[in-house]
Amino acid sequence: MTKTPTLTTANGAPIADDNNSISAGQRGPLTFDNFRLMEKLAHFNRERIPERIVHARGTGAYGTFTLTDDLSDLTIADFMQGVGKKTEVFTRFSTVGGGQDSSDYARDPRGFAVKFYTDQGIFDIVGNNTPVFFLRDPSKFPDFVHSQKKNPRTNLPDPAAMFEFWANHPQSMHQMTILMSDRGIPSSYRHMNGYGSHTLSFWNSDGRRVWIKFHLKTDQDVKTLTGAETAGLPSHGAQRDLVESIDLGIYPSWTVKIQVMTETEAKHSALNPFDLTKVWPHNEYPLREIGKLTLDRNVTNYFAETEQVAFSPSNLVPGIGASPDKMLQARLMVYPDAQRHRVGTNYQQLPVNAPRCPVNHYQRDGAMAGLAVCPVTGDTANQNGDVNFYPNDRDYAPKPDPSVAEPPMPLEQDAWVGAFDTEEEDNFSQAGNLYRIMTEDQQKQLAANIAGGLIQAETSVQERMLRQFAAADEGYANRVETAMKGLL
Ligand code: HEM
């Protein structure tokens, strides 16, 4: 029989009584020596860290990525070599706009973030359940998020503001069409696809670069809900679904695929391959199956793991690089900045964020330094007493490895530096193509979902939106107009 552990203070000292504060007499006030009470209350006051500015509500689980196709032809990434290679992962699913206690069933994109603990450092896919995004320029992100979150006066959702943003930003047309379609509310996190969305680069041992996109296709089938079907569902339903399914041994999985574009194809492509509002047509850039992602272990502590996990598009490993996608470029800087604020300077030392391979660098100190212990060397992440400057004359001290250098990134010839207005880009063809492959029932659902919000916007917003729908497809505009009239 195991012995019941003794209740202690945080400094480990046994506690005699945790129910009663020390007071001056039975009916008297508390005394100044209630330091145990103070510890308990002071820690309680500090239990919260800032919630994520977006994607605040989420749920996570551990699992494995198994490589089913050797990718040494495309990349030197260590976890992409050798069929059968297994890599531990942590995945966090989320909604975007709502706070931590908002509903899992909002009409909202879903975050799909995967942390690969590779032998050569951490690689993150920080994607969504949609292959494109609302924006192609990061300077629009705060405006966009403000318009989608709650109204600053009423603190209520504000569909009129959402459409006001979209009326002023035709670049959102493609993603807005996906959001308002029957795919806008996944029935659970297990029943949706994931997409890296951005174009990344792979480079191989010959230094040859290709551009790639990640796709994670659910093996559980895509299942969705209509707005009406979400009424009455518990706000934490998708979280419960994932936790319980893993606890029951029903492990969700996704088939991982990539699209590949050569540098030459990219140079001659009419489509800007680095425009996040566009998909790469599958008939021109077919999907290549590369692996399987399976989730089979729930967290042991939600706060320590799921709340403090820090994903970033800048978590790249040798063989996988960024691309000129302007949105990605901003994201490379933004995420670590957010996490230094949200979690703290040494957030990468927390167990869920710590690499599973040795970390050797010359960064030192800061709040809570020394938390992590390297699983390989047993050293602390503050590098013990080792030399703290580079270069130095010590043979044993860490040195860069030129063999992992990324090939130089090609730039546009005769490029000049300036602010580029992308208003003239084709914002409508792919939205129109998507509309035309929908069944009549799907087109009706799309129009009804849009009409419900658009009817609340100003007339000039409605007019501009109808012009955008018509630019995608006349039938699209007609259906939305009819659906709006039906609501008058
Ligand atoms: C310039 C555009 C963007 C900015 C400035 C931005 C900013 C942020 C920030 C600050 C966070 C919170 C990070 C944290 O506190 O840990 C976040 C979370 C997230 N973002 Fe973005 N984001 C952008 C675009 C995107 C895009 C295009 C996608 C998907 C394709 C995306 C997917 C996610 C996901 C999945 C999370 C949650 C990660 C998690 O589960 O912890 N974001 N974003």
Side-chain angles (χ1 to χ4, degrees), residues 48-62 89-100 104 108-115 122 124-149 169 171-172 174-176 178-179 186 189 192-200 213-216 238-239 242 274-279 295 299 302-315 322-323 325-345 347-348 350 352-353 422:
R48 295 286 170 276
I49 58 174
E51 66 176 30
R52 291 166 176 81
I53 181 74
V54 281
H55 297 262
R57 170 145 188 83
T59 188
Y62 294 92
V89 299
F90 183 77
T91 296
R92 181 174 179 272
F93 303 106
S94 49
T95 50
V96 182
Q100 260 190 19
D104 286 347
D108 201 10
R110 300 293 187 267
F112 195 129
V114 190
K115 189 176 282 301
I122 286 179
D124 286 346
I125 295 177
V126 198
N128 277 342
N129 67 329
T130 57
V132 295
F133 195 68
F134 298 95
L135 307 171
R136 65 169 76 90
D137 193 305
S139 75
K140 303 312 309 170
F141 192 78
D143 301 301
F144 167 68
V145 172
H146 288 171
S147 75
Q148 309 294 302
K149 279 185 170 259
H169 296 87
Q171 61 186 276
S172 298
H174 191 186
Q175 171 80 325
M176 196 274 288
I178 297 173
L179 180 67
Y189 292 132
M192 64 184 204
N193 294 333
Y195 301 88
S197 307
H198 292 287
T199 298
L200 296 178
K213 278 183 188 289
F214 279 107
H215 299 247
L216 299 97
Q239 180 154 31
L242 187 74
F274 311 116
D275 178 347
L276 186 58
T277 67
K278 306 271 168 47
V279 293
L295 301 182
V299 298
Y302 180 84
F303 180 86
E305 292 150 275
T306 311
E307 192 55 20
Q308 296 197 113
V309 68
F311 293 95
S312 173
S314 59
N315 280 335
S323 79
D325 178 336
K326 298 181 204 316
M327 292 284 289
L328 173 63
Q329 296 274 319
R331 293 182 73 204
L332 297 173
M333 305 294 156
V334 162
Y335 286 68
D337 177 51
Q339 288 145 6
R340 285 176 202 116
H341 160 67
R342 184 172 69 81
V343 188
T345 310
Y347 67 94
Q348 284 152 308
L350 293 171
V352 70
N353 296 324
T422 61

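Numbering of ligands and ligand atoms starts at 1, following listing order. Being a predicted model, the structure only gives us computed values, none of them experimental.
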*Asks:* Test your reading of the structure: does Ser94 have an N or O sitting under 3.5 Å from an N or O of ligand 1?
*Replies:*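 There is no such contact.
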
*Asks:* Would you confirm whether Lys213, through its side chain, and Val279, through its main-chain N or O, come within 3.5 Å as a donor-acceptor pair?
*Replies:*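 The answer is no, because no donor-acceptor pair under 3.5 Å joins these two groups.
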
*Asks:* Applying side chain to side chain donor-acceptor pair (under 3.5 Å) between Gln175 and each of Thr130, Thr277, Asn128, report the one that passes.
*Replies:*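 Testing Gln175 for a side chain to side chain donor-acceptor pair (under 3.5 Å) against Thr130, Thr277, Asn128 leaves exactly one candidate, Thr130.
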
*Asks:* Could you tell me whether Gln339 and ligand 1 have an N or O pair separated by under 3.5 Å?
*Replies:*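 Yes: some nitrogen or oxygen of Gln339 is under 3.5 Å from one in ligand 1.
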
*Asks:* Quick check for you: within a radius under 2.8 Å, how many protein N, O or S atoms neighbour atom 21 (Fe) of ligand 1?
*Replies:*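 There are 1 of them.
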
*Asks:* I need the nearest protein heavy-atom contact for atom 41 (O) of ligand 1: residue, atom name and distance, please.
*Replies:*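 The answer is Arg52 NE, 2.8 Å.
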
*Asks:* Kindly give the heavy-atom pair with the smallest separation between Ile178 and Pro131, and that separation in Å.
*Replies:*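 Minimum heavy-atom contact is CD1-CD, 4.4 Å.
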
*Asks:* Can any side-chain N or O of Thr199 pair as donor or acceptor with the backbone N or O of Ser323 at less than 3.5 Å?
*Replies:*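 Not a single qualifying donor-acceptor pair exists.
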
*Asks:* Out of Asn128, Asn129, Leu328, who gets a non-hydrogen atom closest to atom 29 (C) of ligand 1?
*Replies:*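 Nearest option to atom 29 (C) of ligand 1, by heavy atoms: Asn128.
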
*Asks:* Is there a donor-acceptor pair closer than 3.5 Å between any side-chain N or O of Arg52 and the backbone N or O of Gly58?
*Replies:*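 No, because the side chain of Arg52 does not come within donor-acceptor range (under 3.5 Å) of the backbone of Gly58.
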
*Asks:* To which protein heavy atom is atom 40 (O) of ligand 1 closest, and what is the distance rounded to 0.1 Å?
*Replies:*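 Ranking protein heavy atoms by distance from atom 40 (O) of ligand 1, first comes Arg92 NH1, 2.7 Å.
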
*Asks:* Please work out, at 4.0 Å between heavy atoms, whether the side chain, the backbone, both, or neither of Pro138 comes within that distance of ligand 1.
*Replies:*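 The answer is both, backbone and side chain.
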
*Asks:* Pull out every atom of ligand 1 sitting under 4.0 Å from any heavy atom of Met327, numbered as shown with elements.
*Replies:*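 Listed by number with element: 1 (C), 2 (C).
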
*Asks:* Regarding Arg342 and Glu51, does a basic nitrogen lie under 4.0 Å from an acidic carboxylate oxygen?
*Replies:*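 The answer is no: the pair does not qualify as a salt bridge.
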
*Asks:* Find all atoms of ligand 1 within a distance of less than 4.0 Å from any non-hydrogen atom belonging to Ala338, and give their numbers and elements.
*Replies:*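 By the 4.0 Å cutoff, the relevant atoms are 10 (C), 15 (O).
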
*Asks:* What is the closest protein heavy atom to atom 35 (C) of ligand 1, and at what distance does it sit?
*Replies:*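 Here the closest protein heavy atom is Gly127 O, 3.2 Å.
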
*Asks:* Cation-pi check, Lys115 to Phe311: give yes when NZ or CZ is under 6.0 Å from the six-membered ring centre and within 45° of the ring axis, no otherwise.
*Replies:*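 Judged by the rule (NZ or CZ under 6.0 Å from the ring centre, within 45° of its axis), Lys115 counts as positioned above Phe311.
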
*Asks:* Provide, to 0.1 Å, the distance between atom 15 (O) of ligand 1 and the closest protein heavy atom, together with that atom's residue and name.
*Replies:*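 In this structure, atom 15 (O) of ligand 1 has Arg342 NE, 2.7 Å as its nearest protein heavy atom.
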
*Asks:* Enumerate the atoms of ligand 1 whose separation from the nearest heavy atom of Ile53 is less than 4.0 angstrom.
*Replies:*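 Checking each atom against Ile53, I get 10 (C).
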
*Asks:* Can you confirm if the aromatic rings of Phe214 and Tyr195 lie within a centre distance of less than 6.0 Å?
*Replies:*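 Not under 6.0 Å, so no.
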
*Asks:* Within ligand 1, which atoms have a heavy atom of Ser197 less than 4.0 Å away?
*Replies:*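 Here the atoms of ligand 1 in question are 30 (C).
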
*Asks:* Determine, stepwise, if the pair Ser139 / Asp137 fulfils side chain to side chain donor-acceptor pair (under 3.5 Å).
*Replies:* CA-CA 6 Å; Ser139 75; Asp137 193 305; 3.2 Å; yes

*Asks:* Evaluate side chain to side chain donor-acceptor pair (under 3.5 Å) for His198 paired with Arg331, printing each intermediate quantity in order.
*Replies:* CA-CA 11 Å; His198 292 287; Arg331 293 182 73 204; 2.8 Å; yes

*Asks:* Quick one: sort the Tyr189 and Phe93 rings into parallel, tilted or perpendicular, breaks at 30° and 60°.
*Replies:*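 Aromatic pair Tyr189/Phe93 classed parallel.
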
*Asks:* Heavy-atom contact check, 4.0 Å cutoff: does Leu135 meet ligand 1?
*Replies:*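 No, Leu135 has no heavy atoms under 4.0 Å from ligand 1.
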
*Asks:* Would you name the heavy atoms of Ser312 and Pro336 that are closest together and state the gap between them?
*Replies:*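 Heavy-atom minimum between the residues: OG-CD, 3.5 Å.
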
*Asks:* Report yes or no: does Gly58 have a heavy atom closer than 4.0 Å to ligand 1?
*Replies:*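 Flag not set, Gly58 not near ligand 1.
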
*Asks:* Under 4.0 Å from any heavy atom of Leu276, which atoms of ligand 1 are there?
*Replies:*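 Under 4.0 Å from Leu276, ligand 1 has these atoms: 27 (C).
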
*Asks:* Does Asn315 use its side chain to pair, donor to acceptor, with the backbone of Asp124 at less than 3.5 Å?
*Replies:*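 No, because the side chain of Asn315 does not come within donor-acceptor range (under 3.5 Å) of the backbone of Asp124.
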
